[in-house]
Amino acid sequence: MNLEKILAYQNLDSKLYKIEKQVRESENKKTVSKMHENMKNAQERSVKLEEKAGAILAEIDKIKQQYAVQENKMKEFMDKDLTVLSKAELEKYNVLKEKLSQNLNILDKNLSSLAETINGILADFNKTIKVFNSSRDEYLKSKENYENEVKGVEKEKQDLEKQLLLLEKDVDAQTLENYKKRRKENIFPVLVPLSGDSCGWCHVQLSYANISTLENDGILTCEHCHRIIYKK
Ligand SMILES: [Zn+2]
């Protein structure tokens, strides 16, 4: 097989790989997915906060009803003519009145505490909306930047792909297939020189048997990094 051809192919392909890597590892692309995640989390959070607020508002309603009931009872008591009551009745009256007043106090405290909780939820909700909005702004900006990045290299990529296609016909078909398989997995460089008696990429030492295969075939697949080792 003609090693020179596939090495020339790889040499040209390294330019394409570099462009692809640059786009793949773009900071804008990372920001796009990070902001998308932020937006999703903010949305989930606001749904949960709404549910929580709904439950608390229902609880407040319930307590308000209880409060109204107790308050009515209290009014009935207050309207009573105390002068007609016996001493025993008056004592009973005072105990009940005390109890009602305690109940109202408890309900009042519960209401205040729930109102505080609702305020906390509202503050959290406003914060979440702010996070969502700023994430969306950054998402849109980064998305546009990323799309421009992709567009910016499109022409160069297409030119390189055309040139590579021209070189392909000179390359041994089986070698090309092996090459492309690894390239798809973003293994690059695919072909690496033998370095002493080790793989030129991962430096794993080759056995005598492997070295002799390399001598015979001209190439050998590294068992460790799966690159194709060739002898210079
Ligand atoms: Zn290796």
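In what follows, every heavy atom counts, from backbone to side chain, and hydrogens, waters and symmetry copies are set aside. Start at 1 with the first residue, then count along the sequence. Every number for a ligand or one of its atoms is a count from 1 in the order of the listing.
Lys169 contributes a side-chain N or O that, together with a main-chain N or O of Leu166, makes up a donor-acceptor pair within less than 3.5 Å. Using a distance-only test at 3.5 Å, with no hydrogens or angles considered, a donor-acceptor pair links the side chain of Ser112 to the main chain of Asp108.
At a cut-off of 2.8 Å, Cys222 coordinates the Zn ion (ligand 1) through an N, O or S atom. Residue contacts to the Zn ion (ligand 1): His224 brings no N, O or S atom closer than 2.8 Å. Residue Cys225: an N/O/S atom is found under 2.8 Å from the Zn ion (ligand 1).
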For Lys21 and Phe188, what are the C-alpha separation, side-chain angles and deciding distance, and is it a side chain to side chain contact (heavy atoms under 4.5 Å, CB included)?
CA-CA 10 Å; Lys21 188 168 185 268; Phe188 202 88; over 6 Å; no
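Between Tyr179 and Tyr9, the two ring planes are perpendicular [angle over 60°; tilted spans 30° to 60°].
Around the Zn ion (ligand 1), the two atoms SG of Cys199 and SG of Cys202 are separated by an angle of 110°, to 10 degrees.
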